[in-house]
Amino acid sequence: MALRAVIASALALGGLTGCSEYDADDVRYATGYGSHHPLAVVGYPTTGSLGITQEVVWQIADGNAGELAGLAYHKEDAGPPEKTAENWISAFGKGARGKVTAEFYDEGSVRQAVVLYFHDTGQIKQIQVVARNGGNKDSWGVVMAEPDPKAAVAVLPWIPKNPGELGSKTTS
């Protein structure tokens with residue numbers, strides 16, 4: 001009788017998950033979303049640019065260099081993203097575990113500048129997210145070309161000290 005119940009439960013679970021519209025990436029995203037502080041948003045992200053930005057912050061917070069490097073948008077001259085991932089985690093890990101605001105600049109259908117404000121540490125980090133293959137939610141990456149730790153923490157002169165000061169528009 002117990003064996004029959006186990007088999008019936010396994011078949012029911014398999015049938016439910018087999019008919020589900022959710023895949024492993026959706027489950028991973030939902031788990032990440034539920035395991036981290038909410039990301040405050042300023043500006044106008046797309047679904048894809050917001051999703052990749054959340055993933056970047058979560059991987060930095062969790063110290064997952066391999067997962068973070070896996071989010072990289074590969075550029076020919078950027079070198080391997082693993083060193084950049086290590087630099088970002090070392091520099092911003094503590095801040096990423098607290099309150100973070102992401103400001104999305106300009107129009108983001110294929111590329112978007114994002115400034116991350118780590119409130120607990122007072123740090124600021126600008127990243128560039130890029131759409132691949134038409135820009136659907138699953139095809140975004142982050143430019144990871146900062147193998148030098150000093151470059152990883154550099155703040156560009158146009159970046160404001162507080163979110164929203166430029167109206168989410170770059171000055172260039």
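With E103 contributing its side chain and G164 its backbone, the two residues share a donor-acceptor pair below 3.5 Å. Checking side-chain atoms of Q112 against main-chain N and O of Y44 turns up a donor-acceptor pair under 3.5 Å. With hydrogens and angles disregarded, no donor-acceptor distance shorter than 3.5 Å links the side chain of S49 to the backbone of P45.
Here the OG1-NZ distance, from T121 to K94, works out to 7.5 Å after rounding to the nearest 0.5 Å. In this structure, the separation between OH on Y105 and CG on L166 is 4.5 Å, given to the nearest 0.5 Å. Atoms CE and CG, on M144 and L68 in that order, are 4.0 Å from each other to the nearest 0.5 Å.
Put simply, the side chain of V153 reaches to within 4.5 Å of the side chain of F92, judged on heavy atoms.
Between T101 and H119, the closest heavy-atom pair is OG1-NE2, 2.6 Å. Nearest heavy-atom pair across P147 and T84 is N-OG1, 3.4 Å. Of all heavy-atom pairs between N87 and A152, the closest is CB-CB, 3.8 Å. Taking all atoms of both residues into account, the shortest heavy-atom contact from P163 to V42 is CB-CG2, 4.0 Å. The minimum heavy-atom distance between L39 and T53, with the atom names listed, is CD2-CG2, 4.2 Å. Taking both residues in full, the closest heavy atoms of A131 and S109 are given as CB-O, 3.9 Å, listed atom of the first, atom of the second, then distance.
Among pairs with a residue in residues 110-130, those fulfilling salt bridge (Lys or Arg N to Asp or Glu O under 4.0 Å) read K125-E146, at least two apart in sequence or across chains. Applying the salt bridge (Lys or Arg N to Asp or Glu O under 4.0 Å) test to pairs two or more places apart or on separate chains, none has a residue in residues 34-53. Residue pairs meeting the salt bridge (Lys or Arg N to Asp or Glu O under 4.0 Å) criterion with at least one partner in residues 51-64, sequence neighbours excluded, are R28-E55.
Residues satisfying the ring pair (Phe, Tyr, Trp, His ring centres under 6.0 Å) test with Y117, not counting sequence neighbours, are none. Taking W88 as the reference, nothing meets the ring pair (Phe, Tyr, Trp, His ring centres under 6.0 Å) condition, with sequence neighbours excluded. Remark: H37 engages no residue in a ring pair (Phe, Tyr, Trp, His ring centres under 6.0 Å) (not counting sequence neighbours).
In this pair, W58 and Y33 present their aromatic rings perpendicular. The plane angle is above 60°, beyond the 30 to 60° band.
Follow the hydrophobic side-chain contacts under 4.5 Å out from Y73 and you never reach V110; the two are in separate clusters.
I127 pairs in a side chain to side chain contact (heavy atoms under 4.5 Å, CB included) with only one of the listed residues (V142, V57, I52), which is V142.
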